[in-house]
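Written below as structure tokens is the structure these notes are about.
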Amino acid sequence: MNKKIKTDAVDHLFDAVLLLKNREECYSFFEDLCTVNELLSLSQRFEVASMLKAGNTYMEIAEKTGASTATISRVNRSLNYGNDGYDMVFARMNK
């Protein structure tokens with residue numbers, strides 16, 4: 001875990017997210033919390049991660065998602081050298 005983001009405010013935010021019960025509640029909360037562009041950027045990164053895990057090339061990912069190669073590279077770095085958060089979520093989604 002990155003100690004730079006471990007703050008009381010981030011803990012409070014994550015506690016709030018953990019209270020959401022369904023997709024509709026997520027839409028309501030995240031539409032209030034984030035700008036449209038922030039939410040679309042987060043979802044784009046998640047899609048990029050999913051496509052990288054599936055073995056897609058940078059070019060295929062860029063064409064399908066509109067993500068820049070810099071964004072794809074950052075997500076790839078997180079997949080390879082991050083905290084395994086993506087892998088944890090993907091494993092749970094595939095159950």
Side-chain angles (χ1 to χ4, degrees):
M1 175 186 356
N2 185 337
K3 291 181 184 359
K4 292 179 184 178
I5 66 166
K6 180 76 170 107
T7 66
D8 289 341
V10 174
D11 283 349
H12 195 215
L13 171 64
F14 290 167
D15 289 343
V17 170
L18 290 169
L19 295 174
L20 301 172
K21 296 179 181 167
N22 56 47
R23 187 176 294 154
E24 201 56 44
E25 288 185 2
C26 287
Y27 271 101
S28 294
F29 181 72
F30 281 97
E31 283 184 59
D32 285 348
L33 180 67
C34 301
T35 66
V36 170
N37 285 338
E38 289 169 336
L39 192 51
L40 292 175
S41 291
L42 290 171
S43 64
Q44 181 187 62
R45 288 183 199 144
F46 191 70
E47 185 66 16
V48 166
S50 177
M51 293 180 73
L52 284 167
K53 291 296 285 182
N56 293 89
T57 67
Y58 277 34
M59 187 62 68
E60 291 168 334
I61 295 168
E63 287 175 5
K64 179 161 193 271
T65 66
S68 68
T69 55
T71 295
I72 298 167
S73 180
R74 278 193 299 274
V75 171
N76 194 46
R77 192 169 34 253
S78 291
L79 283 170
N80 291 317
Y81 304 107
N83 294 308
D84 298 324
Y86 283 120
D87 289 332
M88 175 184 59
V89 170
F90 291 142
R92 290 178 184 173
M93 291 175 78
N94 290 328
K95 285 186 177 181

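It should be emphasised that the depicted structure is a prediction, and the values quoted were computed from it without experimental measurement. Start at 1 with the first residue, then count along the sequence.
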OG1/Thr71 to CD1/Ile61 distance, rounded to the nearest 0.5 angstrom?
11.5 Å
Smallest heavy-atom separation, Glu60 atom then Thr57 atom, equals OE1-N, 2.8 Å
Distance in Å, Thr35 OG1 paired with Leu40 CG, rounded so as to fall on 0.5 Å steps:
8.0 Å
Please indicate whether Asp8 has more than 12 foreign heavy atoms, meaning atoms of other residues, nucleotides or ligands, lying under 6.0 Å from its CG.
no
Are there over 12 heavy-atom neighbours, none belonging to Tyr27, within less than 6.0 Å of that residue's OH?
no
Between OH of Tyr86 and NZ of Lys53, what distance do you get to the nearest 0.5 Å?
11.5 Å
Identify the heavy atoms of Ala16 and Phe29 that sit nearest to each other, and give their distance.
CB-CZ, 4.1 Å
Path from Leu39 to Val48 over hydrophobic side-chain contacts below 4.5 Å:
no
Restricting to non-hydrogen atoms, name the atom on Leu52 and the atom on Ile72 that form the minimum distance, rounded to 0.1 Å.
CD1-O, 3.9 Å
Is Ser41 reaching over with its side chain to a backbone N or O of Asn37, donor-acceptor style, under 3.5 angstrom?
yes
How many angstroms lie between CZ in Phe30 and CZ in Arg23, if you round to the nearest 0.5 Å?
13.0 Å
Looking only at heavy atoms, which two atoms of Leu33 and Glu38 are closest? And how far apart?
O-OE1, 4.4 Å
Expected output: side-chain Glu25 to main-chain Lys21 donor-acceptor under 3.5 Å
yes
CZ of Arg74 to OG1 of Thr69: how many Å apart, nearest 0.5 Å?
9.5 Å
Considering non-hydrogen atoms only, spot the tightest contact between Met93 and Phe46 and give its length.
SD-CZ, 3.7 Å
Is the backbone of Gly85 close enough, under 3.5 Å, to the side chain of Asn83 for a donor and an acceptor to pair up by distance?
no
Among residues at least two apart in sequence or on other chains, which ones pass side chain to side chain donor-acceptor pair (under 3.5 Å) with Tyr58?
Asn76
Quick check: closest heavy atoms across Leu42 and Cys34, and the distance to 0.1 Å?
CD1-SG, 4.5 Å
